[in-house]
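Below you'll find the structure, written out as structure tokens, and then a few comments.
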Amino acid sequence: MNRTLEKLTILSDAAKYDASCSSSGSKRANQNKGLGNSDGMGICHSYTEDGRCVSLLKILFTNHCIYDCAYCVSRRSNDVRRAAFTVEEVVDLTINFYRRNYIEGLFLSSGIFKDADYTMERLVRVAKTLRQQHNFNGYIHLKAIPGASPELLHEAGLYADRLSVNIEIPSEMSLKKVAPEKNYPDIIQPMNYLSDEKERYADEKKHLRKTPLFLPAGQSTQLIVGASPESDLQILHLADDLYKQQRLKRVYYSGYVPIATDNRVPDIKAPPLVRENRVYQADWLLRFYQFSVDEIVDEKHPNLDLEVDPKVSYALRNPEKFPVDINKADYEMILRVPGIGVKSAMKIVKSRLYQRLNLDHLQRMGVVVKRAKFFITCPGIQERHKDYETTHLRQLILAGDTAARLSPQLSLFG
Amino acid sequence: MVSLYLYDGSFDGLLTAIFECFADRRQPQDIVSQDTYQASLLDELRPVTTDINKAERVIAGIDARSDGRGGELVYQLFLSEQPGIELRIYRLVHLLMRRNDPGILDNFADPDVLYCAQIQKMIRREVHRMHAFVRFQKATNDVFYAVISPDFNVIPLIGDHFQRRYADQSWVIFDSARYYGLFYDLNDLSFIDGDSDIFQQASSNPIGRAELEGQEDQYQTLWKQYFSSVTIQERRNIKLHLRHMPRRYWKYLVEKQVVDRKR
């Protein structure tokens, strides 16, 4: 028991820099009165004190590693305590945490011990034991170890809901510098293989109902922001390609947390959290708001504005497209208004069939009026907003945000 | 004189009262549960006898006029226990009957529709929170016990989820504020109250909180350790933490109990 506690401490601490904790998007029902299911929306069972969702038991199988990647706590040359679980220990923890409703399932990653296949084989064995010996239908996310053989990846795909290969460093040139033993083809090949296999299974499913599930929740990856000099333009183009070509479900971004001094990575005081947040907002615009990368950043503005969110930034750079008429504009254009999200936009287009909407209606529907008011027209809007110069508008928005920060009363009751 | 429809506090009772309003062809001034009614000489009382058939006709009528969405919505509104919710429900039913257009439930510019949508959102959030924040403890009789005290009466809405998920373990979820709960015995799901035998069968359970199953404390310790070691100190953000996990939910969360230092 004490030994398990010690291993858990070491191997969860080393796994926490992986941003992904999603447990949604799978289609695994509880079968034959077994344990668990992962066919609904994901559930965050708890939240860490840094405000991140705890949905899965996220651990490394081991933090022993043959590689020496500069950005990673588990790198060979780093002096940290090392540990390794057994397959049985991981299975036991997963089942017992799951039965108490602590978690949605398991996220198992690992340092590379011996070689890629040796490591991958252990991860697959954990998933296989859970599925076959314990009839466990909860969520399983495994790391696909770069360089692992197609046979093992295939087997992993049969037991796991999601696999991920982390790219981490968003350009091949930088990767060579900070992780000299890794290369891009080793990372991209498993992604392509898995993406093709998933498609093959989906095709087969059309003809044979009994086709087994293969990676029902698809693939994801992670990019570290701020450990290498890539611009947001490069990062977002890479993400966009990954969504389109490798059909990834999610790209996660992790603001580089300075974990030790290694002269191959920048020596920064704190993780670039604002930038990370802006990149996530831009990613959202790509996936849910029908924006293209070039509308968010371009050669002239290769980096996201840290002061205002990318949607405001877009609106300020394209004043000719605003104000948007709430009662007439297409859904696509309403979606582009700062302060209006996907849900509010849907509410607007459904409700305006019944009556003309005014500012009061928008406020009650959940539109962030203090933001949207500069970019829309509808009854109740003061016309003067139209005449503001872009720079003036920017100042007004920034001043509004500062005022909100200086009067925290509201958030106390939030 | 004020016309007050008095019902027995049950959902079927409320639906019967709504049925009677339509049958009487009058707008109720209010629909009140017997438990909360305070007598007044000015009231013209219209007591209602609960009738399952009438209740079912009301639900069928709502569903037929709302693409099947209305019945569920009305039940969720009822479970919100908000003051005056009965009259709100009546007005929503009236709107659906009058307009006979399912899309009307998407007209968020209508104050009644908007109010109901907001209450429904709160109920769904509470259901989701209970899916997340229930913490089972295994007792000596191999039953997993959990205690909750949700903001709304969501016990009737959460059983399906747990039955689907924990099909191979027996469990109890008990609402300590409303003093009733759910019991799944590996075959059937049933409602129980706080006097149920299932609380005596185990030599201990979370309501008594004496000794639990041998390994229970170990797994709780492991979980607490996991919870504390996944926090990234450089990113600490307590405000965000509290927004996701308000303090009132902490008392039943294993990981938010102070770590035992004597180890």
Side-chain angles (χ1 to χ4, degrees), chain A residues 1 4-5 8-10 12-13 15-17 29-30 32-37 39-41 43-54 57-59 93 96-97 99-102 135 137-138 255 257-258 270-271 273 346-348 350-358 361 364-365 411 414, chain B residues 101 103-111 113-114 117-118 128 131-138 144 146 161-169 171 186 215-216 218-223 225-245 253-256 263:
Chain A
M1 163 66 193
T4 312
L5 189 70
L8 182 66
T9 309
I10 296 171
S12 58
D13 187 76
K16 71 187 174 190
Y17 297 101
N30 189 325
N32 305 322
K33 242 182 157 166
L35 173 62
N37 59 330
D39 48 0
M41 54 176 155
I43 299 173
C44 293
H45 285 273
S46 195
Y47 290 86
T48 59
E49 290 185 356
D50 53 50
R52 290 176 312 147
C53 159
V54 180
L57 170 62
K58 187 175 1 178
I59 46 176
L93 274 176
N96 277 289
F97 280 8
R99 286 200 181 283
R100 286 163 178 77
N101 205 41
Y102 299 165
N135 194 4
N137 304 293
V257 180
L273 295 182
M346 281 310 292
K347 283 182 182 166
I348 288 169
K350 283 180 172 177
S351 303
R352 70 184 183 185
L353 297 174
Y354 292 89
Q355 65 207 83
R356 212 169 140 72
L357 301 178
N358 60 36
H361 290 136
R364 288 171 200 275
M365 283 179 203
S411 63
Chain B
D101 169 8
I104 199 74
L105 287 181
D106 293 321
N107 179 16
F108 299 96
D110 179 308
V113 171
L114 183 70
Q118 283 166 343
H128 192 72
H131 290 171
F133 296 157
V134 157
R135 294 286 180 270
F136 288 116
Q137 308 190 49
K138 192 177 180 184
F144 288 76
H161 167 82
F162 287 101
Q163 185 173 5
R164 257 183 280 125
R165 174 157 295 195
Y166 299 111
D168 73 338
Q169 74 190 43
W171 50 263
L186 295 177
Q215 292 183 306
E216 180 58 35
Q218 291 179 20
Y219 286 114
Q220 291 191 15
T221 306
L222 286 165
W223 173 242
Q225 179 58 47
Y226 175 73
F227 179 75
S228 72
S229 62
V230 290
T231 295
I232 299 178
Q233 287 305 330
E234 294 89 333
R235 303 180 60 127
R236 249 171 86 89
N237 186 345
I238 291 295
K239 221 171 107 183
L240 190 59
H241 172 68
L242 287 175
R243 194 160 77 212
H244 289 307
M245 231 160 64
L253 292 174
V254 171
E255 65 271 27
K256 295 306 291 183
R263 254 195 358 259

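Chain A is the first sequence line, chain B the second, and so forth, proteins listed ahead of strands; every chain is numbered from 1.
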Checking [X] against chain A: side chain, backbone, both or neither under 4.5 Å from a heavy atom?
X: Leu114(B); answer: side chain
X: Phe144(B); answer: side chain
X: Ile104(B); answer: both
X: Val113(B); answer: neither

Would you mind checking which part of [X] comes under 4.5 Å of any heavy atom in chain B, side chain (CB onward), backbone (N, CA, C, O), both or neither?
X: Met346(A); result: neither
X: His45(A); result: both
X: Arg99(A); result: both
X: Phe97(A); result: side chain
X: Gln355(A); result: side chain
X: Leu35(A); result: both

Please rank Val54(A), Asn32(A), Leu57(A) by heavy-atom pairs under 4.5 Å with chain B and give me the top one.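 The residue among Val54(A), Asn32(A), Leu57(A) with the greatest pair count is Leu57(A).
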If you count heavy-atom pairs under 4.5 Å with chain B, which of Met365(A), Lys33(A), His361(A) comes out on top?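 Most heavy-atom pairs under 4.5 Å with chain B: Lys33(A).
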Side-chain donor-acceptor contact under 3.5 Å, [X] with [Y]:
X: Tyr226(B); Y: Asp13(A); result: no
X: Ser46(A); Y: Glu255(B); result: yes
X: Ser12(A); Y: Ser229(B); result: yes

Could you have a look at [options] and say which one has the most heavy-atom pairs with chain A under 4.5 angstrom?
options: Leu242(B), Leu186(B), Leu253(B); answer: Leu186(B)
options: Lys256(B), His128(B), His244(B), Arg165(B); answer: Arg165(B)
options: Gln118(B), Arg235(B), Glu234(B); answer: Arg235(B)
options: His241(B), Gln233(B), His161(B), Met245(B); answer: His241(B)

Taking 4.0 angstrom as the limit, do Glu216(B) and Lys138(B) come out as a salt bridge?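 Not counted as a salt bridge, because no side-chain N and carboxylate O are separated by less than 4.0 Å.
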Tell me, with the steps shown, if Trp223(B) and Tyr102(A) meet ring pair (Phe, Tyr, Trp, His ring centres under 6.0 Å). CA-CA 8 Å; Trp223(B) 173 242; Tyr102(A) 299 165; 4.6 Å; yes
Classify the ring geometry between Tyr166(B) and Phe136(B) as parallel (under 30°), tilted (30 to 60°) or perpendicular (over 60°). perpendicular
Using modelled atom types only, decide if a donor and an acceptor are shared between the side chain of Asn30(A) and the backbone of Arg164(B) within a distance under 3.5 Å.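 Flag set: sc Asn30(A) to bb Arg164(B) pair under 3.5 Å.
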